[in-house]
Amino acid sequence: CFRALCCKGPPPPRPEYDLVCIGLTGSGKTSLLSQLCSESPDNIVSTTGFSIKAVPFQNAILNVKELGGAANIRKYWSRYYQGSQGVIFVLDSASSEDDLETARNELHSALQHPQLCTLPFLILANHQDKPAARSIQEV
């Protein structure tokens with residue numbers, strides 16, 4: 001019994017995957033990642049530039065590079081795409097028509113980008129709990 005417990009060695013390393021998380025300012029990217037990392041939602045501030053979070057799961061670790069969504073930062077998103085193995089696109093389903101159109105354009109641009117076009121995309125329609133939220137079909 002002692003040999004089985006002590007000589008077993010460390011558990012095998014979990015595979016790691018590099019993802020990029022994009023979306024307009026206020027769409028909920030930081031809140032989503034904080035929730036996945038079991039962090040307190042009390043001190044969430046909008047991301048300027050980028051941040052990286054390691055999101056642990058039982059069988060893998062997702063290294064998520066969250067890119068700020070302000071208009072002056074979006075033009076630099078493509079500089080952070082290299083090495084990504086997947087994309088999380090977060091949109092505010094309760095946003096204005098103009099913001100939704102901007103998000104749609106940014107999503108189409110990402111879907112057509114040479115470094116992302118072959119990768120899996122998760123499109124998250126956030127803020128479904130708000131009264132003005134659109135359904136998935138409307139988005």
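Computation of the quantities below employed the complete heavy-atom set of this structure, encompassing side-chain atoms and omitting hydrogens, waters and symmetry-equivalent molecules. Please read all numbers here as calculations on a predicted model, not as lab measurements.
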Residue pair [X] / [Y], side-chain heavy-atom distance below 4.5 Å:
X	Y	value
Glu16	Gln85	no
Asn63	Asp18	yes
Asp92	Asp99	no
Leu24	Ser95	no

Keeping [X] on the side-chain end and [Y] on the backbone end, is there a donor-acceptor pair under 3.5 Å?
X	Y	value
Ser84	Leu19	no
Lys29	Val90	no
Ser109	Asn105	no
Lys53	Leu62	no
Arg74	Gly69	yes

For the hydrophobic clusters of this structure (ILVMFWY residues joined by side-chain heavy atoms under 4.5 Å, transitively), does one cluster hold both [X] and [Y]?
X	Y	value
Tyr76	Ile88	no
Tyr17	Leu116	no
Phe50	Val87	yes
Leu122	Tyr81	no

Exercise. What residues, two or more places apart in sequence or in another chain, satisfy ring pair (Phe, Tyr, Trp, His ring centres under 6.0 Å) together with Phe89?
Worked result: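 Expected list: none.
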Problem set entry | Residue of the set Gln128, His127, Glu97 for which side chain to side chain donor-acceptor pair (under 3.5 Å) holds with Arg134 |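 Among Gln128, His127, Glu97, the one that satisfies the side chain to side chain donor-acceptor pair (under 3.5 Å) with Arg134 is Glu97.
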For this session: Start with the C-alpha distance between Gln115 and Ser78, add both sets of side-chain angles, then the distance that settles side chain to side chain donor-acceptor pair (under 3.5 Å), and finish with yes or no.
Result: CA-CA 8 Å; Gln115 291 177 317; Ser78 62; over 6 Å; no
For this session: Would you check, one step at a time, whether the test side chain to side chain contact (heavy atoms under 4.5 Å, CB included) holds for Ile123 with Leu107?
Result: CA-CA 9 Å; Ile123 302 170; Leu107 174 60; 3.8 Å; yes
Problem set entry | Derivation of the side chain to side chain contact (heavy atoms under 4.5 Å, CB included) call for Leu119 and Val20 | CA-CA 11 Å; Leu119 300 180; Val20 65; over 6 Å; no
Exercise. When rounded to the nearest 0.5 angstrom, what is the spacing between OH in Tyr80 and CD1 in Ile22?
Worked result: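 That separation rounds to 13.5 Å.
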Problem set entry | Distance in Å, Ile52 CD1 paired with Cys21 SG, rounded so as to fall on 0.5 Å steps |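 SG of Cys21 is found 12.5 Å from CD1 of Ile52.
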Exercise. Can you name the residues that form a side-chain contact (heavy atoms from CB on, under 4.5 Å) with Ser31, not counting sequence neighbours?
Worked result: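 Ser31: side-chain contact (heavy atoms from CB on, under 4.5 Å) contacts with Ile44.
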For this session: Would you check, one step at a time, whether the test side chain to side chain contact (heavy atoms under 4.5 Å, CB included) holds for His113 with Trp77?
Result: CA-CA 11 Å; His113 192 279; Trp77 280 359; over 6 Å; no
Exercise. Given the rule in the side chain to side chain contact (heavy atoms under 4.5 Å, CB included) test, do Ile73 and Leu67 qualify, once you have shown the distances and angles that lead to the verdict?
Worked result: CA-CA 8 Å; Ile73 295 173; Leu67 306 180; 5.6 Å; no
